[in-house]
Amino acid sequence: MDSRAIAELILHLGRIASGDGLVGGLTPTQWTGLRYFARANRFSRTPSAFAAFHGTTRGTASQIIKGLVADGYLKQTRSRTDGRSIRLDPTRKARALLKDDPLQALVRAADALPPGVRGSFAAILQRLLGSVAVQAGKPLFGTCETCAHFEGDDCCQDGVSAYECGFVNEPLAAGELDQLCINFSSAKPGQPGIGTA
Ligand code: SF4
């Protein structure tokens, strides 16, 4: 199979896996928002980070968020430090609806792959994503354990978290390590990042 056919296959897979029409009362675009805020870490649950992830304008992202807040799927909290920035957290209603996510068909298909194949496939997709993000000038979202800013040694002392984010200089809870982050960097100082090799 040539590279063009692979690219079209990935695009087609993404399109049909996102579903069409309303599912659980939400459009495919609203589902993208719901999934994002359920997966993103506390530094990334903002309108601008969602706009960057979704590859859209702030205005379009705000409209999607407004609808999800009005329908009770997202709760808005103002930052205590600057009073202007807001954080959006998925509500219990949102978490319950995520069980009907149309993406579940693709999750089941990935689940059926042998574990070794799944690992290599994930690494290939990550590499393709990195390369396309660099070419498009988009941020490369990722998770803590493969991030250049991640500091941790698996040992917790006196109730203090063993993990820390070197980018914002804040401790991280174990449950945050697999959440999506806009500040992710795959490049250790002096090393190329994913997709730039
Ligand atoms: S370690 Fe990296 S991925 Fe984790 S919170 Fe910090 S910047 Fe984000």
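Start at 1 and go down the list; that is how both ligands and their atoms are numbered.
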Trainee: Is there a side-chain contact between Val134 and Leu140, using heavy atoms and a 4.5 Å cut-off?
Mentor: no
Trainee: Output the list of atoms in ligand 1 that are nearer than 4.0 Å to some heavy atom of Asn41, sorted by atom number.
Mentor: 5 (S)
Trainee: Which ligand 1 atoms does Phe43 reach within 4.0 Å, using its non-hydrogen atoms?
Mentor: 5 (S)
Trainee: Between atom 4 (Fe) of ligand 1 and Cys144, is there an N, O or S atom separated by less than 2.8 Å?
Mentor: yes
Trainee: Do Trp31 and Leu22 come close enough that some side-chain heavy atom pair is under 4.5 Å?
Mentor: no
Trainee: Verify the distance test for Cys181 against atom 8 (Fe) of ligand 1: any N/O/S atom under 2.8 Å, yes or no.
Mentor: yes
Trainee: Between Val168 and ligand 1, which residue portion shows a heavy-atom distance shorter than 4.0 Å: side chain, backbone, both, or neither?
Mentor: neither
Trainee: Within the 4.0 Å heavy-atom shell around Cys147, which atoms of ligand 1 are there?
Mentor: 1 (S), 2 (Fe), 3 (S), 7 (S)
Trainee: Is a donor on one side and an acceptor on the other found under 3.5 Å between the side chain of Asp2 and the backbone of Ala5?
Mentor: yes
Trainee: To the nearest 0.5 Å, how far apart are CZ in Arg45 and CD1 in Ile182?
Mentor: 13.5 Å
Trainee: N/O/S atom of Cys165 under 2.8 Å from atom 2 (Fe) of ligand 1, yes or no?
Mentor: no
Trainee: Going only through I, L, V, M, F, W and Y residues with side-chain contacts under 4.5 Å, is there a path from Leu26 to Leu103?
Mentor: no
Trainee: State the atoms of ligand 1, each with its element, that fall below the 4.0 Å cut-off from a heavy-atom position in Asn183.
Mentor: 7 (S)
Trainee: Between Tyr163 and Cys144, is any pair of side-chain heavy atoms under 4.5 Å apart?
Mentor: no
